[in-house]
Number of protein chains: 2
Amino acid sequence: MHSPELLTNDPFPATAFHGVQAASLESLFGGQVAERLMPGEGVFWEGDAADHVFILVEGCLRVYRTLPDGRRAILGFLYRGDLLGVSCRGRYLFTAEAVSPVKLRRFPRRRFHQVVDETPHLRPLLLAKICDETTAAQDQTILLGQKSAEERVASFLLMIARRSGADTRTPIEIELPFGRLDMADYLGLTVETVSREMTKLKRSGLISLNGSQKVVLRRMRRLHEVAAADDDGEESSTLWDN
Amino acid sequence: MHSPELLTNDPFPATAFHGVQAASLESLFGGQVAERLMPGEGVFWEGDAADHVFILVEGCLRVYRTLPDGRRAILGFLYRGDLLGVSCRGRYLFTAEAVSPVKLRRFPRRRFHQVVDETPHLRPLLLAKICDETTAAQDQTILLGQKSAEERVASFLLMIARRSGADTRTPIEIELPFGRLDMADYLGLTVETVSREMTKLKRSGLISLNGSQKVVLRRMRRLHEVAAADDDGEESSTLWDN
DNA sequence: CGGGTGTTTGAAAGGCATCAAAAAGCGTGG
DNA sequence: CCACGCTTTTTGATGCCTTTCAAACACCCG
């Protein structure tokens, strides 16, 4: 996305981290030791001093905030390759914890920003990451503000599929590493409603279930219709399967 | 698109825009002519090529996205001093239009990013702006996903007050430049529900109305309680008024 | 095989939307 | 200045969707 005219005629002292030229944001974490968390364990909590940036190497994390009375809003799920804690100021504004067994690497936050700031070709990459985060949050706004329970669940399934890098025009099996409660707290619904909408989609033949964690998305076109997507992960082409 | 290594020990050729050293992001717009829009006029539309960034000099804008069937979600309201179009990639993902008579200045987007990228002290400012945007969107997620109609309306009024730079612990009169429909589309409710919740707050004595556009927030403590704020624009101190 | 957690299903209540109409503003023109 | 028509806001009555409360069911692991 950006001319990587690195190094040309310049020593870039700060860019070489640990003696290695960073080609991408991810590569900054290369030298760090991997940490592991079991399901339910936290990476950090809302209000903690934000002194590290993380990259998720393996597994799935949930990121959430809680209201004083205990209600919980899941802001998003993180997968392999996702960065965590980039767009914070002094303190983390949310909690991050493992959904499945997780492997991640951390990097001191100040130094992260220093290195990126001193490395011309990394700067636009960071900006892009944060913009993506903003966009994701705004998609969520539409989902929560305007969509019905059925639309939310369908949108969610398609989002997960898209995240897995799948073409959402052809049937695919996806895995939900989290439980119904996590889905509910992400979608602004209750567990019962999520469950009901899933069985409704199942009875209509749009999806089928292998246990509660594996979902086969079958009739993609209908799913997109039900999702009332304004998004269209891929443009509205005319080559649909069914 | 990206010319790195100027800086170090040079007179900042690119930083000096129109012969003036930019001290802040806002000052970049200094030389641009002001444009005016009347209520309802658009700055740009969802899907337009994103080739400018804007600064709002005066008035109020609404930023929204629409679903294929016409439902509208207002993502936010912009006030004097706010930037617009910073966190976009190729195309604007939302529409921006005037709520009240508006004055704004535009700046070519590529050049904006180029200048910022080449000016060390501007870069963190831009990052901070975008992070704020992300945070705002996530607050919205909580509001829409977890809060009741009453909580949403109370949160909204407090948010507007906070935006006006007011201390939300002491009573204050705020102005709502937009109508109930805009509020509704921002809060994920209908006009009728917003109206009802406003009168409910009025009858409880938490607020009073001067016409439909001016609201006096009276019992701030109760308002915060009703808002079920996890946020606390100002920290939970013990000096409340009533 | 039994306890525990997570999921599904059912019945009833409640909150918000919808439909409808009255009331209040607001600009225009007589 | 008041009358008129239009738009916006408010209020009312009804219905639906989602929540709540409750229980059955499925699954996992000791």
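In what follows, every chain begins at residue 1, and chains take the letters A, B, ... in the order their sequences are listed. Fair warning: this is a prediction, and the values are worked out from it, not measured in the lab.
Side-chain contact between Tyr92(B) and Val43(B) is absent, with no heavy atoms from C-beta onward closer than 4.5 Å.
Going from atom CD of Glu197(A) over to atom P of dT8(C) covers 12 Å, rounded to whole Å. Atom CG of Asp185(B) and atom C1' of dC16(C) are 15 Å apart (whole Å). Look at CG on Asn210(B): it is 11 Å from P on dG25(C), rounded to the nearest Å. Going from atom CZ of Arg71(A) over to atom P of dT20(D) covers 10 Å, rounded to whole Å. Note: CG (Leu187(A)) to P (dC17(D)) measures 18 Å, nearest angstrom. The interatomic distance linking Glu150(A) (CD) with dC16(D) (P) rounds to 17 Å, in whole Å. Between the CG atom of Leu181(B) and the P atom of dA17(C) there is a distance of 12 Å, rounded to whole Å. Atom-to-atom, CG of Leu209(A) to P of dG6(C) comes out at 18 Å; the value is rounded to the nearest Å.
Considering Asp185(B), Leu93(B), Thr95(B), Val63(B) as possible partners of Leu75(B), the one that fulfils the side-chain contact (heavy atoms from CB on, under 4.5 Å) test is Val63(B). Tested against Leu84(B) for a side-chain contact (heavy atoms from CB on, under 4.5 Å), the candidates Leu56(B), Ile55(B), Leu61(B), Val53(B) yield a single pass: Leu61(B).
Here the nucleotide nearest the side chain of Arg196(B), chosen from dT10(D), dG12(D), dA17(C), is dG12(D). Which of dT9(D), dT18(D), dT10(D) sits closest to the side chain of Gln213(B) comes down to dT9(D). In the set dT8(C), dT18(D), dC16(C), the nucleotide with an atom closest to the side chain of Ser195(A) is dT8(C). Closest contact between the side chain of Thr193(B) and the listed nucleotides dT11(D), dG10(C), dA17(C) involves dA17(C). The side chain of Arg180(A) approaches dT8(C) more closely than any other nucleotide in the set dT11(D), dT8(C), dT10(D). Checking dG12(D), dT19(D), dT18(D) against the side-chain heavy atoms of Glu192(B) singles out dG12(D) as nearest.
By the 6.0 Å contact criterion, CZ on Arg163(A) is enclosed, its count of non-hydrogen atoms from other residues, nucleotides or ligands being greater than 12.
OP1 or OP2 of dA17(C) has at least one side-chain nitrogen or oxygen of Thr190(B) nearer than 4.0 Å.
Ring pair Phe156(B)/Tyr186(B) is tilted by interplanar angle, where 30° to 60° counts as tilted.
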